[in-house]
Amino acid sequence: MLSLGCDPGSRAEIVATSSVIPRAREWRRSRYRGCNVEDLRTWRRERESALRSARKLQQLTSKRLLHEDTLTEEEQARTDIEPAASFSKEEITQLLKNIQKGGEERATSLHLLRRGLRVRETQQKFIRLEGSMRVLISLFTSNLPDLQMDAAHCLHELSHSSDPNVAEACLPATSYLLTYLSGHSIPLIELCLYTLGNLVVEMKAVKKQLIPQGIIPILASCIRSPHVVVQEGVGYVLSQLLQSREAQAEIVPLILDSTLPQDMLRLVCSKLEEGIGAAVEFAWGLHYIICSQVNNSLLISQGTVPSLVQLLVELASVLSATSTEGLELLLCPVVRCVANLLAEDGAVVGQLVVDEEGLLRALFVCIQYFLVKHPFIVQECLWLINNLTADSTESCSILLNLDLLPTLLKLLSSHHMVNLLILTVLCNVAAKGAVYCQTLYKKAVLPPLVSILALSDTEVVGQILELLHLLFLHCPEAATDFADQRGEQALQQHHSTLQLQERVRALIQVVRDPGSLSLH
Amino acid sequence: MAASPFLFRPARLRCPAQHPLLEDGDVHRHLSLQGWLEEEEEEEEEGRKARAPLPQPPASSSSSLASFEHHYEALERHLCASCRRPFPSAHLLDLHLLEWHDSLFQLMAQRGCAYRCLVESCPGRFKGAQERKDHMVSVHHYPPDFRFNWPLECKSSAKGKNPPPGESSVPMDLIVEEPRVQVPADAMEVDPREGTAESALPPRTKSASSCHPEQPPERPSSRYRLVLCPSRGSRDLLFSMDAGLSVLLMAASAWKGLSPLSASTESLFFGAVGGRGQDLCCVALGAPLCQSFIGKGVRLPPPNGQAAASVSSPPVLTSTCFRCAQASEA
């Protein structure tokens with residue numbers, strides 16, 4: 001956790017002295033340097049659109065490229081601004097010959113090859129040359145450290161390729177990649193991990209080679225490394241493995257059989273002042289495991305919910321005091337994990353969440369903080385709030401007593417999912433009975449409902465109608481007040497919508513005659 | 001009475017991986033993975049600094065430290081003290097020490113399945129290296145020429161020029177520069193001094209392998225001189241015999257039951273022989289130490305840290321067969 005003890009004083013001291021939560025590695029794409037802002041925004045929108053399409057097809061995969069630290073400033077700037085040209089087949093052949101010959105030219109040629117392999121066309125030509133991969137793997141497995149690292153970087157570049165044939169050419173190296181994970185060279189281990197993380201996107205390779213080669217036990221051992229960069233690399237491999245469509249059948253059972261889940265949880269909740277990179281990766285990995293529903297009871301029994309809830313509370317407590325760059329990448333999967341585990345059959349909120357008030361406060365802090373920057377956090381927090389309030393009267397009471405209702409009502413806007421979730425939460429509260437309905441009414445829930453009745457979103461309007469029904473059922477004066485606020489006219493707008501007709505008619509009848517609604 | 005059209009019931013919501021509610025968050029995660037994650041104000045900031053390179057960590061300190069660390073870990077961490085061969089992991093080093101340098105291992109291997117799988121998490125045990133290799137290929141889908149699987153029994157020819165039959169050949173060998181004299185040439189590598197591909201293993205027969213679990217490195221010349229010298233003070237070389245290393249090792253073991261105590265590419269030292277203060281060692285022909293037997297004083301590698309024995313006057317080389325020497329000593 002951020003503070004080792006629970007003493008608020010010590011936490012404040014830590015917050016005051018560490019204003020930035022670091023990441024072990026910066027993954028920001030370097031190629032944008034030198035480009036104008038509009039181009040960046042266009043490219044990013046294109047990427048978003050492509051990712052959304054891929055997600056719909058259940059083909060959402062990405063790879064990471066470990067940027068080298070060894071380039072000088074000048075080399076880095078030149079690399080980013082000037083796109084590298086593709087090598088010809090003859091040039092690549094010559095480089096390979098130089099590499100095989102040995103001597104001084106070998107290192108230079110390998111370095112040139114490494115730079116050249118950043119270009120897709122060069123990658124494609126390289127893998128097609130007979131013996132090229134064998135030479136590369138020979139260097140990778142040699143006992144010449146500098147050449148070994150350069151060769152490892154070459155393999156890594158190939159693994160990152162979007163051309164599946166290029167990545168597939170790396171598969172003969174998997175036994176060696178895994179072997180080196182048991183070594184002690186941190187730079188090499190890190191590079192092997194990210195190379196493997198890119199290769200495991202192909203589930204065929206995972207099933208055919210990596211699982212028989214013992215990748216899961218090796219990762220279970222690697223995760224215990226004290227080195228943060230290794231931890232983050234292991235997290236990356238796991239998140240890539242677990243994200244696959246076939247993970248539920250092929251990967252999750254193996255992982256649940258190992259010690260990995262407990263180590264993953266430990267690292268999600270570990271000292272964040274050392275960096276959140278590893279925590280982010282393992283949180284996403286846990287999220288995929290929980291989504292698969294292979295054995296969530298096991299995870300619940302291992303104390304996953306209380307640990308993650310405590311983490312959420314601590315993260316929210318430092319949000320405003322620290323630089324939160326990238327923190328949403330940790331909050332998001334953690335919120336999802338808790339929400340999905342609370343939705344498990346047999347899960348009881350009161351047993352799993354000891355401090356419902358602390359959690360609700362934390363969620364509202366996150367909602368307000370990320371409302372503008374990352375609105376997706378808002379809807380996911382609201383989802384968790386729904387899962388808290390659905391069955392728990394205590395959560396509903398807290399929501400009302402802590403005066404969180406105005407914040408909720410202010411969030412009602414034109415965003416479909418947000419509106420739907422807020423209204424569902426309000427319905428959860430109203431469904432708890434008369435006292436709750438009366439409190440909602442007294443806290444002025446009606447006016448914003450009347451305003452958003454004008455929306456044409458059928459699903460949202462339907463949820464408003466459900467809420468109005470509950471309010472009028474337990475609080476007849478609300479119906480009268482609703483009428484005074486021209487609520488009936490607002491209802492009439494939807495009388496011809498098929499999915500809403502019956503409920504609109506029923507409510508109009510109640511509004512006209514509040515006493516007509518029978519109470520159970 | 002008509003059923004109520006109001007059907008809402010509070011319910012906890014489960015969102016599987018593909019749920020629409022999770023789409024925005026997933027997209028954000030992948031933008032991050034691909035390095036596209038930017039805040040608007042940071043994009044503007046970067047736009048202002050378009051031509052200025054971003055501050056880099058001091059390349060010299062972090063990269064040189066990482067490089068040093070890698071050098072150390074690659075060459076020193078899992079290094080066999082006997083044959084100076086580096087291994088990528090503790091598990092492979094342990095197996096190597098067991099199979100190559102443990103004199104009891106061959107006995108164990110003869111009695112049962114003593115060879116362990118190279119995959120650490122695999123509990124497999126095998127009677128021989130070939131069986132293990134078959135398992136590695138068929139079950140773990142390892143390449144048949146996996147670099148870190150050096151069998152004790154080498155099926156190569158006497159000169160070790162060709163890989164064992166049935167294995168995929170290496171169409172392109174790499175010339176490896178040895179960082180230290182003691183680092184042996186690897187099975188897939190070419191010694192730049194000799195220019196011919198050779199196995200790191202000396203040619204061994206089955207009987208030789210049963211006597212000699214240790215596998216000292218062999219110089220490309222593959223000719224050694226087995227010498228018996230007085231440990232202290234005496235002038236003469238008692239006998240010498242030139243042959244390939246494996247033959248001499250067999251001879252030393254058969255004659256005196258000795259295995260090498262220490263080894264390098266230059267020499268192997270067997271230790272004291274009998275009660276007469278005599279040392280037995282193998283020296284590579286052409287090595288400086290061997291040269292010293294011919295015209296100069298001889299200095300033997302000290303056993304176990306003891307002071308090196310030396311002979312003040314040039315020894316006389318003999319060509320007495322070790323069997324005759326045994327007879328003459330008796």
Side-chain angles (χ1 to χ4, degrees), chain A residues 27-29 34 36-37 40 44 47-48 51-52 55 60 62 64 69-70 72-73 76-77 100 102 131 135 138 141-143 145 149 172 175 179-180 182-188 209 212-214 217 291 329 332 340 342-343 376 379-380 383 386-387 390 417 427-428 431 466 469 502-503 506, chain B residues 5-6 8 10-18 21 23-36 43-44 46-47 50-51 53 56-57 59 62-63 66 69-71 73-75 77 86 88-89 91 119 121-122 139-143 146-148 171-172 174-176 183 188 192:
Chain A
W27 294 101
R28 194 168 309 151
R29 183 172 283 269
N36 66 55
V37 173
L40 286 172
R44 183 174 158 170
R47 286 312 309 155
E48 271 196 50
L51 289 170
R52 287 183 198 282
R55 188 178 187 272
L60 185 57
S62 295
R64 258 187 174 156
D69 293 330
T70 53
T72 62
E73 277 189 27
Q76 184 77 60
Q100 288 164 252
V135 170
S138 292
T141 56
S142 71
N143 55 4
M149 282 305 287
S175 57
T179 297
Y180 286 121
S182 303
H184 283 81
S185 166
I186 304 305
L188 183 60
Q209 276 181 227
Q213 287 168 356
C291 274
L329 287 166
C332 173
N340 266 330
L342 289 182
F376 70 88
Q379 63 195 30
E380 300 202 16
W383 163 38
N386 169 75
N387 285 3
M417 189 66 80
C427 286
N428 289 345
E466 296 285 346
H469 164 73
E502 211 179 333
R503 287 180 284 178
Chain B
F6 297 97
F8 174 79
R12 289 166 286 154
L13 172 66
R14 192 179 91 67
C15 289
Q18 291 301 117
L21 191 147
E23 179 177 326
D24 289 348
D26 287 347
V27 166
H28 190 78
R29 158 67 172 168
H30 279 263
L31 285 174
S32 165
L33 282 176
Q34 296 180 11
W36 284 102
E43 286 173 352
E44 288 166 6
E46 292 301 331
R51 291 291 162 185
Q56 295 286 330
S62 63
S63 65
E69 182 190 353
H70 178 60
H71 271 72
E73 297 296 349
L75 295 177
R77 174 69 75 157
S89 68
H91 175 65
V119 175
S121 58
C122 177
V139 173
H140 298 297
H141 302 285
Y142 266 47
F146 184 65
R147 180 171 283 242
F148 305 117
M172 297 177 182
L174 298 176
I175 299 171
V176 175
V183 175
M188 291 162 71

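So that the names make sense, note that chain A is the first sequence line, chain B the second, and so on, each numbered from 1. In what follows, every heavy atom counts, from backbone to side chain, and hydrogens, waters and symmetry copies are set aside.
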Sorted by chain and number, sequence neighbours left out, side-chain contact (heavy atoms from CB on, under 4.5 Å) with B:Asp24 holds for A:Arg52, A:Phe376, A:Gln379
Per-residue tally against chain B (heavy atom, under 4.5 Å) across A:Cys332, A:Pro172, A:Gly214, A:Ser175 peaks at A:Ser175
So CG of A:Leu60 and CD of B:Gln18: to nearest 0.5 Å the spacing works out to 8.0 Å
Turns out that what part of B:Val139 lies under 4.5 Å from chain A's heavy atoms comes down to backbone
So, the part of B:Ala17 with a heavy atom under 4.5 Å from chain A: the answer is both
Nearest heavy-atom contact between A:Thr141 and B:Phe148 is O-CZ, 3.9 Å
Rounded to the nearest 0.5 Å, the NE2 atom of B:His70 sits from the CE atom of A:Met149 at a distance of 5.5 Å
Given B:Leu13, B:Leu31, B:Val27, B:Val119, the one with more heavy-atom pairs under 4.5 angstrom with chain A than any other is B:Leu13
In terms of heavy-atom contacts, B:Gln34 and A:Ser62 come closest through NE2-OG, 2.8 Å
Looking at B:Pro16, is its backbone amide N or carbonyl O close enough to the side chain of A:Asn340 to form a donor-acceptor pair, meaning the two atoms are under 3.5 Å apart? no
Sorted by chain and residue number, the side-chain contact (heavy atoms from CB on, under 4.5 Å) partners of A:Pro212 (sequence neighbours excluded) come out as B:His141
Correct closest heavy-atom pair for B:Gly25 and A:Glu380 would be CA-OE2, 3.9 Å
Taking every heavy atom of A:Ala431 against every heavy atom of B:Pro10, the minimum-distance pair comes out as CB-CG, 3.6 Å
### Under 3.5 Å donor-acceptor, A:Asn386 side chain and B:Ala11 backbone
yes
Whatever's closer than 4.5 Å to a heavy atom in chain A on B:His91 counts as neither
message = Side chains of B:Ser32 and A:Arg64, heavy atoms from C-beta outward: is any pair under 4.5 Å?
response = yes
ask   = Counting distance only, does the side-chain N/O of A:Glu466 pair as donor-acceptor with the main-chain N or O of B:Phe8 below 3.5 Å?
value = yes
Within a strict 4.5 Å, meaning less than it, do heavy atoms of the A:Leu51 and B:Trp36 side chains meet? no
